[in-house]
Amino acid sequence: MGIKIFEDLRREIVDRNLCNLCGACLAVCTANNVNALTIHENRPQYNETTPQIQKCLECGICYLICGQIPELNEVIEAKYGAKPPLGSYKYLTIARTTDLTIQEKAQDGGIVTSILKYLLEKNFVDGVIVNQSIEDWNSVPKLITSSEELVQTAGTRYTAIPAVQELGNYRKLNLENPRLAFVGTPCQVQTIRKMQALQVRPGIFVKYLIGLFCMENFDYRTLMKEKLQNELKINLNEIKKLNIKKNFFITLKNGEQIEIPLNELKHLVRENCHYCTDFTNIYADISVGGIGAPQGYSTVLIRTEEGGQLFTNLLLERRIEEFTAEPNNVTQTKAKILSLIKKLGQTKYENGQKTKSRLNKNGDDR
Amino acid sequence: MAMKKIGAVLVIGAGIGGIQASLDLADLGFKVYVIDKSPAIGGIMAQLDKTFPTNDCSMCILAPKMVEVGRNPNIQLFSYTELVKLEGTAGNFIATIRKKPRFIDESRCKNCGVCASVCPVRVPDEFNETLTVRSASHIPFPQAVPAIYLIDPEACLYLQKGICRLCEKVCEAHAIDFNQKEELLTLNIGAVILSAGADTFNPSILPQFGYQSFENVITSTEFERILNASGPFGGHVVRPSDHRSPKKILWILCVGSRNRKLNNNYCSSVCCMYSIKEAVIAKEHDPNIEGYIAFMDIRAVGKGFDEYYQRAKELGITFLKARVSNLEEDPSTQNIIVSYENIETNTFHTEEFDLVVLSVGFQPSNSTRELCKTLGIELNEYNFCATHPFNPLMTSKPGIFVCGTLSAPKDIPETVAESSGAAGMVSSLLQSERFNLIVKKEYPPEFDVENQEPRIGAFICHCGINIGAVVNVPEVVEFVKTLPNVVYAEENLYTCSQDTQEKIKQIIKEYNLNRVVIASCTPRTHEPLFQNTIREAGLNPYLFELVNIREQCSWVHMSEPLNATEKAKKLVAMTIAKARLFRPVKELSIPIKQSGVVIGGGIAGLTAALELANQGFEVVLIEKEKELGGLVKNIYYTLENENPQEFLRNLINEVNTSEKIKLLMNANIESISGYIGNFEINVRKKGELETIQAGIIIVATGGQEYKPTEYLYGEDERILTQQDLELKISGGELNAKQVVMIQCVGSRNETRPYCSKICCSVAIKNALKLKSLDPEIQISILHKDIRTYGFKEPYYEKAREVGINFIRFDENRPPILEKHGDSLQISVYDIFSQKELSFNPDLVVLSAAFLPTDNEELAQMLKVPRDQNGFFLEAHVKLRPLDFATEGIFLCGAAQWPKFIPETIAQAKGAAARAAIILSKESIRVPGITARVNEDLCIGCGSCQELCPYNAIEMRYTEKLLERGSIRTYQAHVLEAVCKGCGTCVSACPLQAINLPHFTNTQILEMVKVLTKEAAK
C-alpha cells in the first residue's frame, strides 16, 4: 500500500469542499520551506510556480494530520477522553480579565488575551499564534513574541483563516525547541493534537492550546464583503464588534446594533463546518466561549493538568477573576451554562454525524 | 591442554575509561574490540561542561581521544552494541555481541546532517538530559564518534507509521537503510576489560525533592548541559520553567549517596567537587548568580581540590552545612522553597531559591548489573563490581579486568589511571601474543619529487549539501584551475568516500601529480585518511594539505553564499601557493633501549617493576633505603581489615625472585640524562658509580608522614601521630582509656593548604581498632570535615554507631592542647553543640599531614615539575595522570599525591603499562614535523630552550681552544624524539634560525602574500 500524500488530500478533502482551511498541511510540509504548497482562493494546493525538484516529497504527513482525515482520531480521542458532546474537563467556571485595556477590546471576558499576555510576560512561551486584524474586519494569523502586540488581536472575527499554517513560522524564532501557545477553533486544535500524537513539528512545539467554542465559521468574502458590505450596505470600518449569541449581532461604533437571524446566514457557513462535531473544543487545554456567561464574562472549561495549573496561576496573580454573586446564584448560573453548552454541543455533534454519514452513503472512497 | 592465547581484547564500555584502555591496548600491540551500548562513545564525560579543578573544557580534552579510538586501525569500534554472552577462559574467550540497527549505513553516512534537518519528528534529547529536543534521525552530539547518524526507531514515522521516508529521499550518500536488522557477531579474544561505568542516581524516587514535579529542580547532569555552549540554552544559565536567569541557586549534595535507606551508604566521591565547579562556572557565566551549597562534609581530597574549595568561598559561594528536609514550589513564581536545618547553628530555615540543583551520585546501572550477571562476575554489597583492595583491577573471574566507576565511585584521573593499569594486566596475561593480530601497513616506495616542477591536483568537496549548498563548488573548481601549477581540479560529492580515495590515487598516477590539495572538512578527523591515500599512491604524506572550507567557511557563513564562495577560493588559493613549496618530510625513527628504571621501592615501585617484568622487560629498581616496602612497612591493618604486611611480603618476594628485576638498594641517583628511549642514569651505591641505560623511567618515590611541631608532639609520650599509634597498637603496648584524635595537623592550613586525603580514614581505622580491642575506651575525633570518600564512608557510619565521638571544629578555631602538671587538657569549640568542650585524655593522636618525600633534586635531574605542594606534577591532571609532560618518564603512587594502597597499586600498574607501550617497540617513529636548527644562524641565546614546553631543546657547546684557556660556543639542538612540532621556538628565535618543515616561514609568507594580494584587489 502506497503512502497517501497531498494529492490524495486534495482529491478527498480539498476538492470536495471539506477543507477546514486551518493550514496544517502547509505547516508540517518539509518541502514548504521552498513553497511546495500554497493557499490560493482559500484552498491549499500545489504551488505551480515552484520548480519540480522542490515539490512535494511525498512524506504523507499532511494527509495523516488533516483534521478531516479520521486516521489518528482514535489515538487522540483515547488520550484526551474526548467523549461527546463536551469532552472531558476538570471543571467549568465563569471568569473575566481584571485588565481594563483588555476588557475594553475583549469579545466577552478577555480570558484568552489575559492568558496569552501572562504566558508571554512570564516567558513561559516564546511565541503565540493569534488572529491579527487588518483592514475592513479582515484578519491574518500572526506569530507574536511580545505582549505589547497582543491587545490589537483581541476580539472575535467569524471568518476562517489558516492559523495553523502560521505555526510554521516558528523557524523565524531561530530556536531549537521553541515553546508556543495557540488559540483557535476546534478543527485547528484537533490537527495540532494529531501532530503531537506523531511528535512532529510544529505541533510538538505547542505547549498550550487555548480552544474557542465554535458553532460554525464563514468565509471573509461571502460574509463580510458580499453579505454585510454589499447586501446590507454596512460600512465595515464602522463595525465595533461582531458577536454570535442566539443570532448574529453587529455593533457599530455609533452604538447602533444590527441583528441578523442565524438561519439567514446558514447558506454562508463553510461546507466543512457541517461535518464538525465539536462545539466546545474538546482537545484544548482550556476552552473559552461567551455562550451563557453573564455580560462581560466568559465561560471557561478547564480540561488538562497544564490548563488547570495555568488558570490557577492567573487567578492567583489576580490577572483574572471568577464570577461572584450569591453562592446559589453562581451555582445556578453554572448549571444553566452547562445545560446550554451541552445542548448546543449535542446538536452540533448530531448534525455533524448526520452530515458525515450522508457523505459516506454518497460514496466515500476513503 | 591449554587453549592457544589470543592477542585481542574486548573492552566493554567506551566512556573515558574504555577509551583510555583501548588506546593503551592498541599501543601495547593488541587488537582491540570496543563496544558501547550507546550510539556514540564518551560516556558521562562527554556530557560534562568543564572539569575540576582546572576548569578544562571536558569535550575539548576528550574529543581528540574519541577521534583516535575511531580511526586507530587496531581498534574496532562497535557502537550501539551489547554483549550477549562470553564463553571460554582467560586467554581465549569467545564473545557474542549484538549490534543494534542504526538504519543508516555506517560505511556510507558522511555526517552531513541533512537527514536530521528534514526529519519532522521532535522528541526529547537524551544527551541534553531532555532539556531540548532532537529529531528521529540524529547524531547524539556534534563531536560524536562514530560520526554517523542513527534513526530512533521509536520516533521514526516510517518505522512506526509507514509514512515519511524524507531522510531517505534527501540523503545523497544513499546511507538510509530501513531494512537494517540487529546483527549478532562473535569475537575471539584473549581478555576482557569491563569499563561500563555507572549511572547517575535518579532522584525521582526521593519524594522530598520534588524532582519531575517542579521544573526548577534539576540534576547536576542537567546543569552541566545548561552550562554548556552546545547545550539546550546555548550556554546561557537559565532555568527550565521560564528560561530566565536564576539569581539564587542551591546545590544539594549527597542526593542518593550516603543514604542508608537506599542501601547507598557509600560516598560518591565526586559530587562535592563538581558542585563547587558548577557554582564557580555559573558565576563566571553570570556574576549576579548567588551560589549556595548545602553539604554534610566537603570532600575536597584530590590534587588542588581544597584550594579550589577555598577559591570558591572567596568568590562568594555560600557553603551551608545543612540537612535539607523538603522542597516546595511557589506556583506563581516557580521558585523553590527549601526547608533545611543548618547544622552549624542548629536552626531551621525556609528559604526561596530560583533554581535547585540535586547533586546526584553514582549508582550501578541495571544494564551493568545484567552485564556482570552475563559474565558471572561477583558484585559487592552495593552492586558495584567486587574487587580486592590489593588487586583492584581484577574481577572475580580470571581474564576479566575492571576499571572506572563500575567498581567504585571515582573521578576522571583515577579512572584513567585504572584503565591504563587494566590494559597493563591484559598485556601481562597476553604477553606472548603481542603484535600478533595488529595491522602493519605496507606502502609502496616513495617517488622522488625533489627536482620536479610542482604538479598540483585539487579536489573540492561538496560534503553533500554541507559545503555545496553554500559555497559554489564548481566556481571554486574553475577558479582553482586558473592557478599556476594546478594541473588537475575536480569536485566531489564526498571527497572522503571510499571510491573517491581510489579515484584520487588513479588521478595522481594519470596526471603525474606530485602535490595534492583537498578542500573539505577538518584535518582533525580527515587528514590521516587523505595522507594515507596519497602515501598509497607513492607520494610522501607531507606533499598534501587539507583546506577546511566547511567548519571555517560554509558552516559559519551559511547566510552569505557569495562571500563564502569568495572566502573558499582564497583559502584554497593560499594552500595551493603553499603547496608549490611542499617538500617531502622524512619521519624519523629512534631506537629504544627496551628496559626500564623504577625509582623507589615502596609498593608503587615494587608493583610497577613487577608489572614491567611480567610484561617481559628488564627493570632496575633503585631504592635509597636498605629495605624495600616504603610506607607500607608501617601499616599493619587496613580500614577493610586486610593485612598489608602479608601482601608486602609476597610482593617483595615476587620482586626478589624475578629474573628480570635488578635491585639497587642503598642507592643514590647522581645524575640523569637523555630522552625517551635513551635515558642514562648514574647511581652511586656504597661509593661505586653505576651507569644504567633505560628506555623509560618510572618515578615512585612515595611520601611520608609529617612530624608535627604543633600540639607538644615529641614532648610527651602520650602524644602520638597516627603512624606511631598504629605501631603501638600492633605491638600491643597500649593502655589508654580516653583518646582524643586531632585531624588536619599540618594540613589545610596556611603552610600546607591541601588536604592530605587519607587521615580521616586512617583515624577512623585506628579508632575502630582501639574500640574493638577495648569496647570501654572513650574516643573523640576532632575534625573540620570527615572525608571518608567512596566505600570508606560506611566505616564512618560504623564508627558513630560504636560510640566514637565526632566533634567538628571551626577551621579558624583549632583545638588547644595544654599540659597542666601531668595531665593533658584539650579544649575545643564544638560547632554542633555550640559549646566549648574540654577533655583530659590519656592519649592524644595527631592526624598529621602527608608530605611528599624529599624530591626537589630528583625533579631537577629529571627536568620534571612539581606542584605548589611539592608533589610531582603530572602532564595533565585529568587525562594524563601517570605521565610527565616529558615523554618517557612516568609517575605513580604517593609521589603524585597522598593515596591509599588500592589507588597506589592501580596507578603503579597503569604507569607500568604506559611505560611498556614504549618498551614494547624497538624504535619509535617520530612525526617528521620537528623543529630544525640552522647551525649557521644560531647564536646559542637559549630563548628557544626557555620557552619549549616539552624540554625538547638542549644547548650543546663546542669547546674552542685559545692561547689562554678555551671558550665554549653554544648552539641549540632539537631532541627530535621529544619535539612536538608546536612551533613556539620558531616564532621565538630572534635570528629565524629555527624552522619547522611543512610550516616554514617561506611557505607561510607565501600564503600571506596570496591573502594580501587578494585583499588589495
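Labels below follow one simple rule: chain letters A, B, ... track the order of the sequence lines, proteins then strands, and each chain is numbered from 1. These numbers come from a predicted model, not from an experiment.
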* Asked: Would one find more than 12 heavy atoms of other residues, nucleotides or ligands at under 6.0 Å from atom CD of A:E74?
  -> no
* Gap separating the CG atom of B:N128 from the CD atom of A:E176, nearest 0.5 angstrom -> 7.0 Å
* Who among B:H243, B:Q334, B:Q160, B:R134 has the most heavy-atom pairs with chain A under 4.5 Å? -> B:H243
* Give the minimum heavy-atom separation between B:D242 and A:K122, together with the two atoms involved. => CB-O, 3.2 Å
* Side chains of A:L316 and B:P331: closer than 4.5 Å at any heavy-atom pair? -> yes
* Using the side-chain contact (heavy atoms from CB on, under 4.5 Å) rule, take A:L72 and B:K161 through it: C-alpha gap first, then chi angles, then the decisive distance, then the call. => CA-CA 11 Å; A:L72 290 170; B:K161 301 272 177 201; 4.2 Å; yes
* Minimal non-hydrogen separation, B:V121 against A:L198, with atom names -> CG2-O, 4.3 Å
* **Under 4.5 Å from any heavy atom of chain B - which part of A:E121** => backbone
* Between A:E317, A:R179, A:E71, which residue shows the highest count of heavy-atom pairs closer than 4.5 Å to chain B? -> A:R179
* Structure fact -> The reported gap from CG in B:L131 to CG in A:N177 (rounded to nearest 0.5 angstrom) is 9.5 Å
* So which heavy atom on A:G60 is nearest to which on B:I163, and how close? -> O-CD1, 4.1 Å
* Hey, what do you get for SG (B:C164) to CG (A:L57), rounding to the nearest 0.5 Å? -> 9.5 Å
* What part of A:Q309 gets closer than 4.5 Å to chain B, counting heavy atoms only: side chain, backbone, both or neither? -> side chain
* Asked: Can you say whether A:Q199 sits under 4.5 Å from chain B via the side chain, the backbone, both, or neither, judging by heavy atoms?
  -> both
* Which of A:L64, A:V28, A:N123 touches chain B most, by non-hydrogen pairs under 4.5 Å -> A:N123
* Asked: Which pair of heavy atoms, one from A:I61 and one from B:P120, lies closest together, and at what distance?
  -> CD1-CG, 3.2 Å
* Just how far is it from atom CE of A:M195 to atom CZ of B:R122, taken to the nearest 0.5 Å? -> 13.0 Å
* Asked: Which region of A:L314, side chain (C-beta onward) or backbone (N, CA, C, O), has a non-hydrogen atom less than 4.5 Å from a non-hydrogen atom of chain B, or is it both or neither?
  -> neither
* Asked: Under the side-chain contact (heavy atoms from CB on, under 4.5 Å) criterion, do A:V200 and B:L157 qualify, and how do the steps go?
  -> CA-CA 9 Å; A:V200 298; B:L157 290 178; 3.5 Å; yes
